[in-house]
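Numbered from 1 within each chain, the chains take letters A, B, ... in sequence-line order.
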Amino acid sequence: MSDLKGLARAAQIYRGRHERAKEIKAGGGKVAGYFCCYPPLELMTSLDYMPLRILGDMNEPLTEADTYLPTAMCCFYRSVLDTAMKGRFDFIDAFIGAHACDGAERVSYIWKSYLKSPCSFYLDVPHTNHAASIELFKKQLMYLGEELEKTAGKKANREMLKQAVALHNKQRSLVRRLYSLNKGDPPLMSGSEILQVLIAIMCIPAVEGNALLEEVIEEVKVRAGGPKQRKGRILVWGSLIDDIALTGLIEDCGLNIVIDDTAIGTRSFWVDVDETEDPFDGLAIRYLDKVVCPRTFRDTKQTRMEDLDNRFGYLKKMVKEWNVNGVYFNIIRNCDIHGYEIPELRDYLEGIGLPVLVIEQDYSTTALEPLRTRFQAFAENIG
Amino acid sequence: MEEKKKKKSSAKTLQTAREAGYFGKKMLAGTRQAYEEGKPVAWSMVDWWMGSTITKAMGIELCYPENYGAFCASVRKAEPNLDYAESDGVPNTICGYARNCIGYTRKLKENNFIIPEDSPSGGMPKPLFLLACGAVCDARYKWFQSLGRYMEVPVWTLEFPQTGVNEYFMGDNKKDNIKFMVQELREFIAFLENLLGKKMDWDNLSGKLDTFFKTHELAHKVDLLRKSVPSPAVCTDFWSIMIPHLYMPEDPEALDFYQRVYDEVKYKVDNKIGAIPNEKYRMLFGELPPWHTLGIFDEFAEKYGVAFAFESWNYHVPSPLPDDERYGINDPLELIARYSYHKFNEHAQVAREQCMEPTLFTAPYMKFVKDYKADGLFCHPLISCRPATYTLMHVRNLLMEKFKVPSVVVEGDIVDLRVFNEEEAHSKMEAFIETMDHYREVRKKEGFEW
Ligand code: SF4
Ligand code: SF4
């Protein structure tokens with residue numbers, strides 16, 4: 001364990017993402033690697049698996065991916081499989097793939113074909129939030145629980161699951177508090193700092209993550225020397241960002257990232273699990289219905305505007321509360337889920353007077369520099 | 001230059017395949033006529049679980065933008081639609097069928113929903129609703145959702161559970177999945193009843209299902225006949241004859257047509273008449289074809305004696321539902337659910353034996369390679385259709401590892417002619433012939449049957 005605290009500790013974990021997991025394993029514990037926002041962390045935690053979010057690596061040249069995946073695939077999931085084939089996740093005890101989107105789905109299968117963890121599970125995630133879908137998803141979660149139990153060597157009872165729900169809900173409320181520190185002007189944390197903290201808590205046990213969040217909040221609340229006041233207060237929407245090279249570049253160009261709707265950011269933490277009598281009910285509803293990613297289809301409403309409000313209205317609220325004056329659409333090239341939303345969401349936000357910058361990026365730090373001038377131009381035009 | 005501009009369609013080897021274009025035209029003309037008569041019309045994705053048959057049983061005429069995309073590409077008229085979609089902010093990386101449809105719909109809207117005169121094959125009329133589908137790919141519900149920008153019509157997404165191989169065999173998972181599908185179908189029917197203000201006509205549905213299953217059974221028998229050496233039909237035949245079974249299997253004309261296809265193929269098998277004159281190599285094709293340049297397969301046949309013996313898992317009908325799955329099922333919706341689930345999971349056992357995933361797009365090839373005595377696989381990764389492309393490299397690895405069958409990879413697209421390099425395809429194929437010869441020897445030494 002390290003002596004560092006707060007933001008410094010978060011940055012340290014961010015840099016050595018798998019170190020804590022490996023320490024835990026060396027001490028006899030177990031680690032479960034999972035894809036995207038859909039496998040419930042509570043199931044892993046209740047069985048003493050440390051949940052580890054599987055991410056790619058924007059700094060790593062793709063040398064293995066082409067053997068298994070075509071170039072037309074989402075660059076993020078190509079990177080994920082590339083690093084996995086190089087052995088980066090060989091230490092995990094359980095692999096939980098998920099039908100989050102086509103990319104996540106096919107890479108889950110291919111991963112399971114070549115990389116054999118003691119436990120592997122492919123979690124089907126229905127595309128709709130119909131009552132029948134939630135019921136089916138609940139059953140899938142129960143199968144996942146059973147599979148994890150086999151290798152955990154223990155069974156999770158309702159009490160254990162409820163405790164895990166409470167623990168992770170606490171984490172979510174701490175993350176929301178963290179983001180709320182950015183409502184003022186200037187914000188108290190940079191987008192890069194928030195990203196480091198969130199990745200850090202995705203790579204350590206929830207109890208430690210909560211302690212780290214509390215430290216960070218205490219530190220940041222009283223800090224001097226946070227981000228400078230800037231004209232641009234932006235919301236980042238879209239596919240995930242998991243490297244501060246990108247957030248750093250954006251902020252270097254004169255923009256403050258004050259809030260986001262991405263898969264490593266608020267999307268993973270924004271809503272709680274309801275404490276239902278049968279914890280699986282609360283989990284199924286939260287993870288399938290309440291997590292808002294455009295991968296989930298919501299039945300069309302009577303009018304176009306109602307439909308758009310139903311799908312994107314939460315962004316208007318964020319814009320208001322965080323006093324946002326520009327939106328950056330971060331599209332990882334070949335991410336269909338976000339790609340289809342571009343024209344509609346762009347017009348929806350421009351309709352409330354927000355300038356929008358759309359960039360399709362290649363998930364590689366070496367491809368970032370050419371984007372600088374676009375962020376600079378956007379920063380100049382804002383406000 | 002002149003040569004380049006020439007349309008590269010295939011001559012097709014079956015007489016019935018040459019006649020199949022009728023069905024695409026019939027479908028589109030049927031929807032336009034219905035629209036003019038004030039009857040309900042909808043656009044549908046290929047939904048693989050008879051949502052379209054249910055819709056038709058409610059008296060709605062359907063057309064299929066995926067098929068329309070393929071048609072526009074085959075007559076090389078997709079580009080203007082692609083450009084028009086892209087100029088509205090749609091990324092040029094998304095599905096070519098989708099961009100074709102989005103561009104088309106944008107024009108339709110701007111023309112006050114009067115079909116623009118230059119629309120290939122007469123165009124698609126404005127729909128009452130859009131039937132999207134959760135099976136196979138994200139595009140097939142996100143694309144329809146995105147059309148809301150041009151048309152205020154409801155979208156219904158018919159969801160399809162998609163399980164992993166080990167998960168398929170877990171506890172009651174299969175039962176749970178089928179139960180879910182039945183629930184989803186009921187919801188869908190409620191949506192239709194609400195939309196049309198009338199009740200489902202169950203007798204009409206059961207009549208349609210009867211024809212549907214008969215058409216599929218014949219289509220499956222044709223697939224089995226194609227195991228013969230020499231190959232009685234090839235990929236370019238299949239991509240034509242599939243139109244009736246994929247889009248209108250419940251139409252009595254489709255059933256009659258398949259009887260004729262069956263008779264023609266059977267005759268060729270019985271008389272050992274090959275589809276191509278001098279079959280030397282048998283190949284599989286994965287997965288979606290370059291619609292704009294189908295003539296290239298005729299050239300491969302002529303130059304190298306390559307018969308594309310089987311292709312495109314996704315477009316084929318499944319084997320008939322085993323009796324024990326059909327027995328005692330009186331609810332037509334349960335029958336639909338079971339059959340559709342069977343389509344996607346019938347190769348789960350093969351996948352389990354081979355310790356690989358997934359069943360869709362991949363495990364079937366582990367069977368095809370033996371059944372059709374394949375010497376090689378032609379992989380066609382598409383720039384814009386990712387779901388049918390994502391597992392191609394995986395299939396390629398598996399075929400080599402488990403069966404010593406090599407693959408050639410030629411990148412291209414279903415619709416976007418701009419990304420297909422014909423010269424490169426030819427030179428790769430030329431080099432690949434030797435590779436196939438080599439692996440024939442390897443297989444012989446290792447005791448494979450072919
Ligand atoms: S599109 Fe949604 S589900 Fe897919 S990776 Fe992104 S956040 Fe996850
Ligand atoms: S499967 Fe491919 S071609 Fe078909 S809709 Fe999806 S992305 Fe487009």
Side-chain angles (χ1 to χ4, degrees), chain A residues 66-74 97 99 101-103 105-113 116 120-124 126-128 130-133 135-136 139-140 143 146-147 294-295 297 299-304 307-308 311 331 333-334 336-337 339-344 346-347 358 360, chain B residues 88-91 93-95 98 132 134 137-139 141-143 145-146 148-149 152-157 159-167 170-173 176-177 179-180 183-184 186-187 191 355-358 361-362 381-387 389-394 397-398 411:
Chain A
D66 287 347
T67 310
Y68 305 95
L69 298 169
T71 47
M73 177 177 245
C74 149
H99 191 177
C101 52
D102 288 339
E105 175 229 351
R106 303 294 156 93
V107 170
S108 302
Y109 291 139
I110 293 172
W111 181 305
K112 281 178 75 188
S113 293
K116 308 284 181 190
S120 323
F121 190 84
Y122 167 78
L123 178 66
D124 189 19
H127 293 100
T128 70
H130 296 165
S133 299
E135 191 186 324
L136 179 75
K139 293 208 172 114
Q140 298 304 307
Y143 285 119
E146 280 171 27
E147 251 346 78
R295 57 82 55 204
F297 177 83
D299 285 345
T300 33
K301 298 282 169 199
Q302 284 300 322
T303 68
R304 186 70 197 136
D307 192 52
L308 291 172
R311 285 159 57 201
I331 311 292
R333 197 176 310 281
N334 298 333
D336 284 345
I337 293 289
Y340 280 98
E341 305 290 66
I342 294 172
E344 306 205 82
R346 181 198 59 204
D347 289 2
V358 184
E360 282 181 81
Chain B
D88 204 21
V90 174
T93 49
I94 70 165
C95 166
C137 96
D138 294 336
Y141 67 99
K142 291 307 293 178
W143 147 17
Q145 189 182 43
S146 78
R149 185 168 173 73
E152 217 165 269
V153 299
V155 180
W156 187 266
T157 295
E159 176 56 337
F160 200 107
Q162 203 170 292
T163 195
V165 173
N166 290 336
E167 293 75 13
M170 268 177 200
D172 280 338
N173 194 23
D176 296 338
N177 279 204
K179 182 179 161 206
F180 163 72
Q183 285 170 316
E184 280 285 280
R186 286 201 204 297
E187 284 279 315
F191 162 79
C355 297
M356 44 84 47
E357 303 252 0
F361 287 109
T362 311
L382 309 163
I383 189 91
S384 75
C385 164
R386 283 178 275 286
T389 297
Y390 280 170
T391 44
L392 280 179
M393 298 301 114
H394 184 38
N397 298 341
L398 291 166
E411 290 195 342

Visitor: For Thr300(A), enumerate each residue passing the side-chain hydrogen bond (donor to acceptor under 3.5 Å, both in side chains) test, keeping only those at least two apart in sequence or located in another chain.
Guide: none
Visitor: Pick whichever of Gln302(A), Arg333(A), Glu105(A) has the most heavy-atom pairs under 4.5 Å with chain B.
Guide: Glu105(A)
Visitor: Using non-hydrogen atoms and a 4.5 Å limit, figure out which bit of Phe361(B) sits close to chain A: side chain, backbone, both or neither.
Guide: side chain
Visitor: To the nearest 0.5 Å, tell me how far Asp124(A) CG sits from Phe160(B) CZ.
Guide: 10.5 Å
Visitor: Using 0.5 Å steps for rounding, measure from the CG atom of Asp102(A) to the OG1 atom of Thr389(B).
Guide: 11.0 Å
Visitor: If we only count heavy atoms from C-beta on, is the Thr391(B) to Tyr109(A) side-chain gap below 4.5 Å?
Guide: no
Visitor: Checking Leu69(A) against chain B: side chain, backbone, both or neither under 4.5 Å from a heavy atom?
Guide: both
Visitor: Kindly compute the distance separating OG (Ser133(A)) from CD (Glu159(B)), expressed to the nearest 0.5 Å.
Guide: 5.5 Å
Visitor: Which answer fits Glu341(A), side chain, backbone, both or neither, if we ask what part of it has an atom under 4.5 Å from a heavy atom of chain B?
Guide: side chain
Visitor: Please tell me if the side chains of Leu308(A) and Arg149(B) come closer than 4.5 Å, counting only heavy atoms from C-beta onward.
Guide: no
Visitor: Ala132(B), Pro381(B), Cys137(B): which one forms the most heavy-atom pairs within less than 4.5 Å of chain A?
Guide: Cys137(B)
Visitor: Does any N or O in the side chain of Lys139(A) come within less than 3.5 Å of the main-chain N or O of Asp172(B), such that one atom is a donor and the other an acceptor?
Guide: no
Visitor: Please classify the contact of Lys301(A) with chain B as side chain, backbone, both or neither, using a heavy-atom distance under 4.5 Å.
Guide: neither
Visitor: Between Gln145(B) and chain A, which part of the residue has a heavy atom less than 4.5 Å away: side chain, backbone, both or neither?
Guide: both
Visitor: Measuring only between side-chain heavy atoms, which start at C-beta, is Val155(B) closer than 4.5 Å to Phe297(A)?
Guide: yes
Visitor: Which atoms of Asp66(A) come close to chain B, meaning under 4.5 Å heavy atom to heavy atom: side chain ones, backbone ones, both, or neither?
Guide: backbone
Visitor: Given the options Pro161(B), Pro154(B), Gly164(B), Gly148(B), which has more heavy-atom pairs under 4.5 Å with chain A than any of the others?
Guide: Gly148(B)
Visitor: Looking at Asp347(A), Thr71(A), Asp307(A), which one has more heavy-atom pairs under 4.5 Å with chain B than the rest?
Guide: Asp347(A)
Visitor: Going by the rule side-chain hydrogen bond (donor to acceptor under 3.5 Å, both in side chains), which residues pair with Thr163(B) if we only count those two or more places apart in sequence or in a different chain?
Guide: Asn173(B)
Visitor: Using 0.5 Å steps for rounding, measure from the CG atom of Asp88(B) to the CD1 atom of Ile342(A).
Guide: 11.5 Å
Visitor: Exactly one of Gln183(B), Glu184(B), Glu187(B) should register a side-chain hydrogen bond (donor to acceptor under 3.5 Å, both in side chains) with His130(A). Which one does?
Guide: Glu184(B)
Visitor: Give the minimum heavy-atom separation between Ala98(B) and Tyr340(A), together with the two atoms involved.
Guide: CB-OH, 3.2 Å
Visitor: Quick one: what part of Ile94(B) sits under 4.5 Å from any heavy atom of chain A, side chain, backbone, both or neither?
Guide: both
Visitor: When rounded to the nearest 0.5 angstrom, what distance separates CD in Gln162(B) from OH in Tyr122(A)?
Guide: 5.0 Å
Visitor: For Tyr141(B) and His127(A), take the angle between the two ring planes, folded into 0 to 90°, and tell me which bin it lands in: parallel under 30, tilted 30 to 60, perpendicular over 60.
Guide: tilted
Visitor: Does any part of the side chain of Thr93(B), heavy atoms only, come nearer than 4.5 Å to the side chain of Glu360(A), both counted from C-beta?
Guide: yes
Visitor: Should Glu146(A) and Met170(B) count as side-chain neighbours, where that means a heavy-atom distance under 4.5 Å?
Guide: no
Visitor: Should Asp336(A) and Arg386(B) count as an ion pair when the cut-off is N to O under 4.0 Å?
Guide: yes
Visitor: Counting heavy-atom pairs closer than 4.5 Å to chain B, which one of Val107(A), Leu123(A), Thr128(A) comes out on top?
Guide: Thr128(A)
Visitor: For the side chain of Asn397(B) and the backbone of Thr67(A), is there at least one donor-acceptor N/O pair under 3.5 Å apart?
Guide: yes
Visitor: Would Tyr143(A) and Asp176(B) count as having a side-chain donor-acceptor pair, cut-off 3.5 Å?
Guide: yes
Visitor: Give the member of His394(B), Arg186(B), Lys179(B), Met356(B) that has the highest number of heavy-atom pairs under 4.5 Å with chain A.
Guide: His394(B)
Visitor: Just how far is it from atom CE of Met393(B) to atom CD1 of Ile110(A), taken to the nearest 0.5 Å?
Guide: 10.0 Å
Visitor: Treating Arg106(A) as the side-chain partner and Pro387(B) as the backbone partner, does any N or O pair qualify as donor plus acceptor under 3.5 Å?
Guide: yes
Visitor: Are Glu167(B) and Phe121(A) packed together at the side-chain level, in the sense that at least one heavy-atom pair is separated by less than 4.5 angstrom?
Guide: yes
Visitor: Against chain A, label Cys385(B) side chain, backbone, both or neither, depending on which of its atoms sit under 4.5 Å from a heavy atom there.
Guide: neither
Visitor: What part of Ser108(A) gets closer than 4.5 Å to chain B, counting heavy atoms only: side chain, backbone, both or neither?
Guide: neither
